[in-house]
> 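Questions regarding the structure given below will be posed in turn.
Protein chains get the first letters and strands the later ones, always in sequence-line order, with residue 1 at the start of each.
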Protein chains: 2
Amino acid sequence: MNFCQACSVRNRAICADLEDDEIALLNKIGRRRNLEAGESLLWAGDEAVLVANVVSGVLKLSTQTSDGREQILGLAYPSDFLGRPFSDTTPYNAEALSDSVVCVFRRPDFERFALEHSKLEHKLLERTLSELDRTRRWILLLGRMNAEERLATLLLEIGARSVAATCRNSIRTDPDRFELPMSRQQIADILGLTIETVSRQFTKMREDGVIKVSERRNITICKRDVLENLAA
Amino acid sequence: MNFCQACSVRNRAICADLEDDEIALLNKIGRRRNLEAGESLLWAGDEAVLVANVVSGVLKLSTQTSDGREQILGLAYPSDFLGRPFSDTTPYNAEALSDSVVCVFRRPDFERFALEHSKLEHKLLERTLSELDRTRRWILLLGRMNAEERLATLLLEIGARSVAATCRNSIRTDPDRFELPMSRQQIADILGLTIETVSRQFTKMREDGVIKVSERRNITICKRDVLENLAA
DNA sequence: CGTAACCTTGACTTTTCTCAAGTTTGGTGG
DNA sequence: CCACCAAACTTGAGAAAAGTCAAGGTTACG
């Protein structure tokens with residue numbers, strides 16, 4: 001059975017651009033895996049045994065300080081790549097925030113394939129460079145923005161990425177209406193804040209009419225310009 | 001004239017592993033450039049026209065918020081790669097902190113070479129993945145550490161990188177004795193703090209006997225275990 | 001309908017920032 | 001060689017932002 005040919009992220013993940021015969025080979029070394037919300041795929045510090053592509057769902061990448069303060073390093077949406085090729089140690093935890101599907105490879109299999117198929121390696125390089133850009137923008141957020149600016153930036157980013165992640169799946173979503181894939185505590189762990197500070201900022205934005213919130217996780221952006229101004 | 005063969009970072013930069021004939025080709029498309037301390041090589045938002053390797057010196061990568069608050073994204077030491085291949089826009093400013101030498105390539109030349117020589121592309125991928133790991137560790141610092149922990153982490157990192165950057169140049173340095181390549185203000189911009197907070201933390205560490213400071217920039221680590229405990 | 005998890009709110013504390021002096025350092029010209 | 005200057009750094013006092021601790025609401029779900 002060839003999962004790749006029917007794969008919903010086939011044209012966006014690092015396997016895009018591969019020829020049919022290459023895809024067939026890749027299909028042999030990878031396999032699908034379903035993750036329930038809350039289930040982990042990678043553990044920081046473990047030997048890096050596997051790498052993966054996200055097919056559907058959202059995962060969080062995280063580490064913690066030695067005394068247990070958690071920091072989320074990033075989110076992985078469909079077509080994003082997970083894991084650490086060419087290193088022995090996994091640098092972060094990866095945990096599904098929603099029920100998810102990933103396409104996993106044993107790391108040695110994937111590395112061998114990559115070295116033999118430079119087209120794949122090139123795609124992985126492009127993706128890694130983009131991820132580095134995104135991560136550096138997050139450094140600006142954590143280093144120089146206040147709580148309000150941080151939440152504004154996150155809401156805009158989640159809106160944008162929710163659309164990008166689903167647009168090929170025919171469910172055209174609006175970047176101004178989306179469901180948060182994480183709890184308030186997790187938002188705090190992304191933004192480097194406490195849950196109370198996050199909650200107060202949500203309240204403030206609601207009171208200012210900038211956003212609407214229903215059932216806690218359904219967000220409507222009412223005044224995009226205000227958010228963009230804060231995030232800039 | 002072949003700079004590459006005599007290059008002090010020849011075995012550590014992305015050009016390591018290349019065959020002699022490949023090096024000769026690379027030598028043709030690159031050129032050396034000297035930068036004085038304070039001189040800029042890349043400007044955020046500009047069209048990405050060139051990429052480079054650091055040969056000697058230290059550079060800072062930075063961005064700022066729209067209202068001008070600066071944040072340093074990282075430091076580039078000898079053998080580190082600078083610039084953004086495969087994208088039209090340079091994502092950060094790069095400015096020399098000390099007098100530096102870089103090996104620059106026009107981006108299209110470099111990209112063409114990379115696509116034709118997958119060994120180089122592989123090295124670049126490994127380096128980008130490491131840089132992503134390092135950047136993510138910085139996210140933990142900015143998101144979850146207090147001022148004291150941040151400075152401790154930075155001092156240990158600079159000590160380690162100063163050694164790594166110079167060990168092939170026969171000047172064997174001690175990771176517990178080094179010269180800071182930046183001002184207090186720049187340290188603040190790296191750590192996401194203000195200059196006053198940084199200064200107070202230096203004073204505290206001096207008073208606690210954890211470090212010695214002479215001529216402002218010469219640091220001796222006296223109690224490495226204390227710093228490591230803070231940084232962990 | 002009860003419960004547990006999640007979220008919000010309030011009062012208070014702590015950390016860092018801001019603003020305003022001072023002080024040290026390194027360079028320059030008398 | 002010294003006095004002076006500007007830039008870089010340090011220090012102090014008070015303000016602001018975010019964190020902590022402790023209740024009190026909501027919501028989802030069995």
> Answer yes or no: does a side-chain N or O of A:T194 lie under 4.0 Å from OP1 or OP2 of D:dT20?
no
> Does anything in residues 142-151 of chain A form a side chain to side chain donor-acceptor pair (under 3.5 Å)? List the pairs, not counting sequence neighbours.
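Qualifying pairs: A:R144-B:D189, A:E148-A:K204, A:E149-B:R69.
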> State plainly whether the residues B:E95 and B:K60 are in salt-bridge range, i.e. N to O under 4.0 Å.
yes
> Measure from CD on B:E215 to C1' on D:dA8 and round the result to the nearest Å.
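In whole Å, D:dA8 C1' and B:E215 CD are 14 Å from each other.
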> Strictly under 3.5 Å: I want the nitrogen or oxygen pairs between protein and nucleotides 21-23 of chain C, one per line.
none

> Taking the six-membered ring where the residue is Trp, are the ring centres of B:F81 and B:F105 under 6.0 Å apart?
no
> Roughly, in whole Å, what's the span from CD in A:Q185 to C1' in D:dG19?
13 Å
> Measure from NZ or CZ of A:R31 to the centre of the six-membered ring of A:F3, then state whether that distance is under 6.0 Å and the direction lies within 45° of the axis.
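The answer is no; the distance or angle limit is not met.
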> How close or far is atom C1' of C:dC7 from atom CG of A:N218, stated in whole angstroms?
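Value for this atom pair: 15 Å.
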> In this structure, how many angstroms lie between the P atom of C:dT24 and the CZ atom of B:R184, rounded?
15 Å
> Taking only residues two or more places apart in sequence, or in another chain, which ones meet B:R137 in a side-chain hydrogen bond (donor to acceptor under 3.5 Å, both in side chains)?
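B:R137: no side-chain hydrogen bond (donor to acceptor under 3.5 Å, both in side chains) contacts found.
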> For B:D80, enumerate each residue passing the side-chain hydrogen bond (donor to acceptor under 3.5 Å, both in side chains) test, keeping only those at least two apart in sequence or located in another chain.
B:R127, B:R161
> Please report the shortest heavy-atom distance between A:P91 and B:D133, naming the atom on each side.
CG-OD1, 3.4 Å
> Thinking salt bridges, do A:E131 and A:R136 make one under a 4.0 Å N-O criterion?
no
> Check whether any side-chain N or O of A:S183 sits under 4.0 Å from OP1 or OP2 of C:dC6, and answer yes or no.
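So the side chain of A:S183 is outside the cut-off, no N or O lying under 4.0 Å from OP1 or OP2 of C:dC6.
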> Under 4.0 Å from any atom of DNA chain C, heavy atoms only: list the residues of residues 140-157 of chain B that qualify, in numerical order.
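By residue number: B:N146, B:A147.
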> I want to check something: taking the side chain as every heavy atom from C-beta on, are B:P181 and B:Y77 in contact at a cut-off of under 4.5 Å?
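With C-beta onward as the side chain, the pair touches.
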> Rounding to a whole Å, what distance do you find between A:L180:CG and D:dT27:P?
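After rounding, the gap between these two atoms is 16 Å.
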> Without decimals, in angstroms, what is the distance between A:M205 CE and C:dC7 P?
17 Å
> Assess whether a salt bridge exists between A:R134 and A:E157, defined as any Lys/Arg side-chain N lying under 4.0 Å from an Asp/Glu carboxylate O.
yes
> Is a donor on one side and an acceptor on the other found under 3.5 Å between the side chain of A:S162 and the backbone of A:F178?
no
> Between A:R216 and A:R184, is any pair of side-chain heavy atoms under 4.5 Å apart?
yes
> Does a distance-only test, which skips hydrogens and angles, find a donor-acceptor pair under 3.5 Å between the side chain of A:R200 and the base of D:dT20?
yes
> Could you state the atom-to-atom distance from CG of B:D189 to P of D:dA8 in whole Å?
13 Å
> Across the strands shown, which category fits B:S199 at heavy-atom distances under 4.0 angstrom: base, sugar-phosphate, nothing?
base
> Nearest whole Å is fine: how far is C:dC7 P from A:Q201 CD?
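Whole-Å distance recorded here is 16 Å.
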> With axes from five pairs an end, tell me the bend angle of the helix from C:dC1-D:dG30 to C:dG30-D:dC1, nearest 10°.
30°
> Tell me if the side-chain of B:E196 makes a donor-acceptor pair with the base of C:dC19, cut-off 3.5 Å, by modelled atom types.
yes
